[in-house]
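Taking it in order: structure first as structure tokens, then the write-up.
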Number of protein chains: 2
Amino acid sequence: MLQFHKQTRSPMAASRSRPPPAPPAASPAQALIAAHGRVTRTRVAVLDSLLASHQPLNHDQIAAELAATGEHHDRVTVYRALDWLVEQGIAARIAGSDRAWKFEAVRRGHRHAHFHCDTCGRVLCLEAVEPAIAVALPEGFRLEQAELVLRGACPDCARNGER
Amino acid sequence: MLQFHKQTRSPMAASRSRPPPAPPAASPAQALIAAHGRVTRTRVAVLDSLLASHQPLNHDQIAAELAATGEHHDRVTVYRALDWLVEQGIAARIAGSDRAWKFEAVRRGHRHAHFHCDTCGRVLCLEAVEPAIAVALPEGFRLEQAELVLRGACPDCARNGER
DNA sequence: GGACAAGATGCTACAATGTTGCAATTCCAT
DNA sequence: ATGGAATTGCAACATTGTAGCATCTTGTCC
């Protein structure tokens with residue numbers, strides 16, 4: 001659980017009106033982004049959202065997060081920021097049970113399964129589930145990633161009884 | 001406008017007038033559908049396509065299959081037929097790497113992994129891959145289905161070298 | 001075989017989720 | 001501080017799927 005992100009925004013806002021002398025050690029998001037390319041307002045804000053969330057977010061949820069900060073971020077720019085983060089390996093794109101992509105910050109060396117709730121549509125990261133995936137892939141395939149996808153009802157929805 | 005579908009349906013017509021004693025004369029698709037509800041032109045055609053395919057098909061590919069038979073099938077009706085087949089447990093809906101659903105006929109008791117090719121977008125069923133999925137799900141979750149999703153390059157695309 | 005009611009179809013709109021093209025703006029290495 | 005490339009913002013478009021509703025089919029009962 002990482003719930004630090006609010007204060008990362010203020011140095012950024014200040015830097016727009018007047019470049020501060022030396023705020024080098026910025027947020028983890030800024031550091032990550034700087035290591036891969038240009039640091040921009042929207043990229044930082046989007047990655048902040050992803051890092052602060054303990055579950056994958058779709059574009060809508062991210063937009064809501066950004067709106068809550070009071071800044072305006074263009075819809076298309078957010079899509080492009082997400083594309084870029086995925087391309088850089090900073091974020092991962094996972095297919096939800098609705099037809100919208102969900103995104104999560106990549107934790108290196110941290111394998112976990114995803115649980116898709118059919119009732120509420122959320123995707124939960126099951127940190128504790130380290131699946132024993134023993135795959136014998138036929139000749140010719142080049143494996144890039146293996147993921148265990150679980151479907152069903154999350155605790156909240158299962159408790160409420162419906163199916 | 002429906003000249004061509006007659007031949008597909010003739011065994012059906014026969015079975016309606018007089019149920020054949022020996023084997024289930026109607027196509028497997030018709031039998032499956034009849035066991036769950038109304039047998040209609042589009043449902044049969046769609047399920048035939050799924051049964052004939054060795055890999056999951058998206059709506060576009062199914063539409064192409066249907067068009068090849070010379071019959072016309074409305075876009076919306078095909079969607080609804082697919083929804084119905086999934087609802088009845090005859091077909092399964094799986095999320096592709098693009099944002100279109102893919103569908104496959106359900107083979108009972110036949111677990112297999114899916115390989116998503118990032119290059120050509122196809123989803124291949126890996127019949128030989130019987131993943132050892134040992135999941136210890138936390139309390140509260142109700143598991144409905146577990147699926148192993150593999151991503152990378154399929155043999156065709158891997159051979160052609162690009163990434 | 002024929003009539004009937006529930007269910008399925010085929011339109012046409014509409015909704016949700018991205019994507020493209022391009023001029024204007026921003027980032028950052030000089 | 002400045003210049004050029006990367007990024008943004010906007011509007012238009014593309015893809016994939018749904019909703020509403022009048023009409024037609026299917027399966028059943030006589």
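Per chain, numbering begins at 1; letters A, B, ... match sequence-line order. Basis for what follows: all heavy atoms, side chains included, without hydrogens, waters or symmetry-related copies.
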For atom [atom1] of [X] and atom [atom2] of [N], their distance in whole Å:
{"X": "I33(B)", "N": "dG7(C)", "atom1": "CD1", "atom2": "P", "answer": "17 Å"}
{"X": "R99(A)", "N": "dG17(D)", "atom1": "CZ", "atom2": "P", "answer": "7 Å"}
{"X": "Y79(A)", "N": "dT15(D)", "atom1": "OH", "atom2": "P", "answer": "16 Å"}
{"X": "R93(B)", "N": "dG17(D)", "atom1": "CZ", "atom2": "C1'", "answer": "10 Å"}
{"X": "L66(B)", "N": "dT9(C)", "atom1": "CG", "atom2": "C1'", "answer": "14 Å"}
{"X": "N58(A)", "N": "dG18(C)", "atom1": "CG", "atom2": "P", "answer": "8 Å"}
{"X": "H36(A)", "N": "dC28(C)", "atom1": "NE2", "atom2": "P", "answer": "15 Å"}
{"X": "E71(B)", "N": "dT25(D)", "atom1": "CD", "atom2": "P", "answer": "14 Å"}

Open item on the list: Across nucleotides 7-13 of chain D, 5' to 3', mark each nucleotide with B, S or - according to how protein heavy atoms within less than 4.0 Å reach it.
Closed with: SBBBB--
In one Ile/Leu/Val/Met/Phe/Trp/Tyr side-chain cluster, 4.5 Å: [X], [Y]:
{"X": "I62(A)", "Y": "L47(A)", "value": "yes"}
{"X": "L51(B)", "Y": "I90(B)", "value": "yes"}
{"X": "L50(A)", "Y": "I33(A)", "value": "yes"}
{"X": "F103(B)", "Y": "W84(B)", "value": "yes"}
{"X": "W101(B)", "Y": "V86(B)", "value": "yes"}

TODO: Report yes if at least one side-chain N or O of W101(A) is closer than 4.0 Å to OP1 or OP2 of dG18(C); otherwise report no.
DONE: yes
Task: Partner of V46(B) under side chain to side chain contact (heavy atoms under 4.5 Å, CB included), chosen from T77(B), L82(B), L57(B) - done: L82(B)
- [ ] Could you walk me through whether Q55(B) and K102(B) pass the side chain to side chain contact (heavy atoms under 4.5 Å, CB included) test, one step at a time?
- [x] CA-CA 9 Å; Q55(B) 63 183 226; K102(B) 290 193 168 63; over 6 Å; no
Open item on the list: Using only atom types and a distance under 3.5 Å, with no angle test, would you say the side chain of T69(B) pairs donor to acceptor with the backbone of L66(B)?
Closed with: yes
Open item on the list: Which residues pass the side chain to side chain contact (heavy atoms under 4.5 Å, CB included) test with F141(A), not counting sequence neighbours?
Closed with: L137(A), P138(A), F115(B), L124(B), L126(B), C154(B), P155(B)
- [ ] Mind jotting down which residue pairs meet the salt bridge (charged side-chain N to carboxylate O under 4.0 Å, His left out) criterion with at least one end in residues 84-94 of chain B? Sequence neighbours excluded, please.
- [x] D83(B)-R93(B)
- [ ] Give every residue pair that meets the salt bridge (charged side-chain N to carboxylate O under 4.0 Å, His left out) criterion with at least one member in residues 54-69 of chain B, sequence neighbours excluded.
- [x] none
Would you list the protein and nucleotides 28-30 of chain D atom pairs, both N or O, that sit under 3.5 Å from each other?
none

Open item on the list: How bent is the helix from dG1(C)-dC30(D) to dT30(C)-dA1(D), measuring the angle between the end axes built from five pairs each, rounded to 10°?
Closed with: 40°
